[in-house]
Amino acid sequence: MSGEMIDAQRVAAEALLREARLLDRGDWDQWVAMYQDDAVFWVPAWLDEYDVTEDPATQVSLLYHDARRGLEERISRIESRKSITALPLPRTVHQVTNVEASSIAPDEISCESVFSVYVYDPRTAKGHSRHGRYQHTLKRHGAEWKIARKIITLANDNVATVLDFYSI
Amino acid sequence: MNAAALSRAERLSAISKLVDDRPDEQFFQVDRSIFTDQSVFEAELRYVFESTWNFIGLESQIARPNDFVTTHIGRQPILLMRSADGKIGAFLNTCRHRGTVVCPFKQGRQKFHVCRYHGWAYDSSGRNVSITEEGSGQYPASFTNANHDLVPVARLGSYRGFIFASLSPDVPPIEEFLGDVRVFLDLVVDQSDSGEVEFVPGASTYTFDGNWKLQFENGLDYYHFATTHSSYVDILRKRNATAAPDAGSTVEPKGEQEGQGSFSFDYGHAVNCRSKRAQLYGRPLGMDPARLDTVRQRVGSTRAKWMLRQRNLTIFPNLQVIDILSAQVRTWRPIAPDKTEMVSHCLAPVGESAAARTMRIRNYEDFFNASGLASSDDNVMYEFSQSGYAAAAAGPTQGYLRGAGDVGTGESFHTRELGVSPTEWSFGPTTFGGETNFHPGYREWRRLLQRAAEQATA
Ligand code: FES
Ligand SMILES: [Fe+2]
């Protein structure tokens, strides 16, 4: 394995685990700061039993933001304490594993991983899980790596009640 | 008449009376148990959903020969398909042999549907084309003489690309069932130059732990918007402060009265409308002035004006069409008294520009479904309502009387403009949020249960 490969794997794993921790702790300002201004955050929809949507301009996604601002709006909605979806906020535990990263350019890493998120809602005392695959693209900005693109393929897409950035 | 039939009739009649409707006294009330009771739930599935017209899909979903989609009417699985020679058919999605679901897929294109259990095969017109090893089957005449085709629905009809089906033959013709609600479907469909609508690929399925009638009511409820969706309204206001000119915002013609109201129709349907000078969100039809002009010339300025107003249609019992910042078609499937499955599609006029289409898609994702910034709040509210309905000792709720003190009948300025004859209408200021538009759905619910009670004793 080349030095560059090992580095990509380490950089990606650190970013993914940090992201999971920030989401679960509700440190959303720090979480969203991991994203570039023009970052794409995309959860495609399933067209049928086998295929997901491929073009957000002509197909409907479950979630699609092409700038960090969209995520910031979602955060502000929750922090306003006006959205009943977050009163109380469900508790989540993200598990990210099967990380496979590679350098695709000197300052760019592409990474595949899988996730499961356990969501527990203290309002109903009920829990459920969400699971699927992540595809991250990370870009280096000076000393920092930022998320340029995150695609979340949600395996169980018959969604219970609410789907938001913190629960996938 | 036997005792069982009598007691069934009495039970159904008692259920129908859970809707207490006394228009002369300006009184309307529903008992909480219609949201929670298992026997009410079973009765309404059988005698409401499975005894009247339900929306089952768009013609454009099965545009080509052998296209199919699967759905439900009440509890019953339905296979909607276009035959090789282009005819639309809807069938109970169950094998004639031993009942297995014949087509387990959401959608696709197949000339034949082969049951996986013992291999019986059906073509896309529902005809049985093969019974596996029939020759060695030692079948009696009672089998050989029987029809083995998929069982079609009792009634199938469509209006401007919207397909409806009924499992009961005892329904009015589809045109009569829809009545003047057709005018409001026209306002959606005629936004397309070719008069066609389609679902944008990427449907969404979600559930909430509440009764289906919570969604039925909410789709006609403007009263909740400012409170339930206040966090979304904050976001919209912030965006509007910096919005580009192509955000699609349109203004009402001068002299139009601001306000909101509703129209009620026979067979349970109702429509909400809102006209506001300053709109919170833009519209795909409004973003391209040239195209809007073309539409205006084709449909006239009055209908174009109504196309730009928010309209929420409820076609009882299972369909809502919402035309605002985008257009949504949503249907619900009751799973249990306290569980509902929603299927939601982004609806679009065929032929709009690529930019308008993308705006429609972004706006739809923004607002609707479990992942949208508005509908997700509704879903959680339904669950809070459902939990609250357990407080049966508190008696009936008071949520059916806003507007009941001043119900409109006969003609109004709006009914004349639209050319509709609703059974009732309402109109008030933008803060009005009337609730009398829930009444037609409950009246139809009651009528269908009363009819079932009468038929049980016949
Ligand atoms: S159940 Fe379909 S072939 Fe037997
Ligand atoms: Fe709502």
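Here is the naming used below: chain letters follow the sequence lines, and residue numbers restart at 1 for every chain.
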Step by step, work out the side-chain contact (heavy atoms from CB on, under 4.5 Å) result for B:Val380 and A:Val162.
CA-CA 8 Å; B:Val380 176; A:Val162 177; 3.4 Å; yes
B:Tyr206 pairs by side-chain contact (heavy atoms from CB on, under 4.5 Å) with which of A:Val159, A:Thr161, A:Asp157, A:Leu163?
A:Val159
Answer yes or no: are there more than 12 heavy-atom neighbours, outside A:Tyr120 itself, under 6.0 Å from its atom OH?
yes
Taking atom CZ of B:Phe225 as the centre, report whether more than 12 heavy atoms of other residues, nucleotides or ligands fall under 6.0 Å from it.
yes
Top contributor to chain A contacts, counting heavy-atom pairs under 4.5 Å, from B:Met381, B:Arg239, B:His345:
B:Arg239
Report, as yes or no, whether the 6.0 Å neighbourhood of atom CD on A:Glu100 holds more than 12 heavy atoms from other residues, nucleotides or ligands.
no
Quick check: are there more than 12 heavy atoms from other residues, nucleotides or ligands sitting under 6.0 Å from CZ of B:Arg109?
yes
Does the B:Glu365 side chain pair with the main chain of A:Leu63, one donor and one acceptor, at a distance under 3.5 Å?
no
Less than 4.0 Å between a side-chain N and a carboxylate O, is that true for B:Lys238 and A:Glu73?
no
Shortest non-hydrogen contact from B:Thr358 toward A:Ala57
OG1-O, 2.9 Å
Could you check which of A:Ser83, A:Ala45, A:Ser167, A:Ala86 has the highest count of heavy-atom pairs closer than 4.5 Å to chain B?
A:Ser83
A side-chain contact here means heavy atoms from C-beta on lying under 4.5 Å apart; do B:Tyr232 and A:Lys82 qualify?
no
Answer key: most heavy-atom pairs under 4.5 Å with chain A among B:Asp234, B:Asn379, B:Thr227, B:Ile361 is B:Ile361
Tell me if the CZ atom of A:Arg81 is crowded by more than 12 foreign heavy atoms within 6.0 Å.
no
For B:Arg362, which atoms come within 4.5 Å of any heavy atom of chain A: side chain, backbone, both, or neither?
side chain
Tell me whether the count of non-hydrogen atoms from other residues, nucleotides or ligands lying under 6.0 Å of CZ in A:Arg25 goes above 12.
no
Under 4.5 Å from any heavy atom of chain B - which part of A:Pro44
neither
First locate atom CG of A:Asp164, then atom OG of B:Ser371, and finally report the distance between them rounded to the nearest 0.5 Å.
8.5 Å
CZ of B:Phe105: more than 12 outside heavy atoms within 6.0 angstrom?
yes
Check this for me: B:Arg357, atom CZ, are more than 12 non-hydrogen atoms of other residues, nucleotides or ligands nearer than 6.0 Å?
yes
Taking every heavy-atom pair that is under 4.5 Å apart, which of B:Ser231, B:Ala354, B:Gly210, B:Gly202 has the most such pairs with chain A?
B:Ser231
Highest number of heavy-atom pairs under 4.5 Å with chain A among B:Tyr364, B:Phe384, B:Phe208 belongs to B:Phe384
Short side-chain to backbone donor-acceptor contact, A:Glu49 and B:Lys106, under 3.5 Å
yes
Would you confirm whether B:Asp377, through its side chain, and A:Ile84, through its main-chain N or O, come within 3.5 Å as a donor-acceptor pair?
yes
Is a donor on one side and an acceptor on the other found under 3.5 Å between the side chain of A:Arg77 and the backbone of B:Leu373?
yes
In terms of heavy-atom pairs under 4.5 Å, which option from A:Leu47, A:Asp48, A:Thr53 contacts chain B the most?
A:Leu47
If I measure from the heavy atoms of chain B, does A:Leu87 come under 4.5 Å with its side chain, its backbone, both, or neither?
backbone
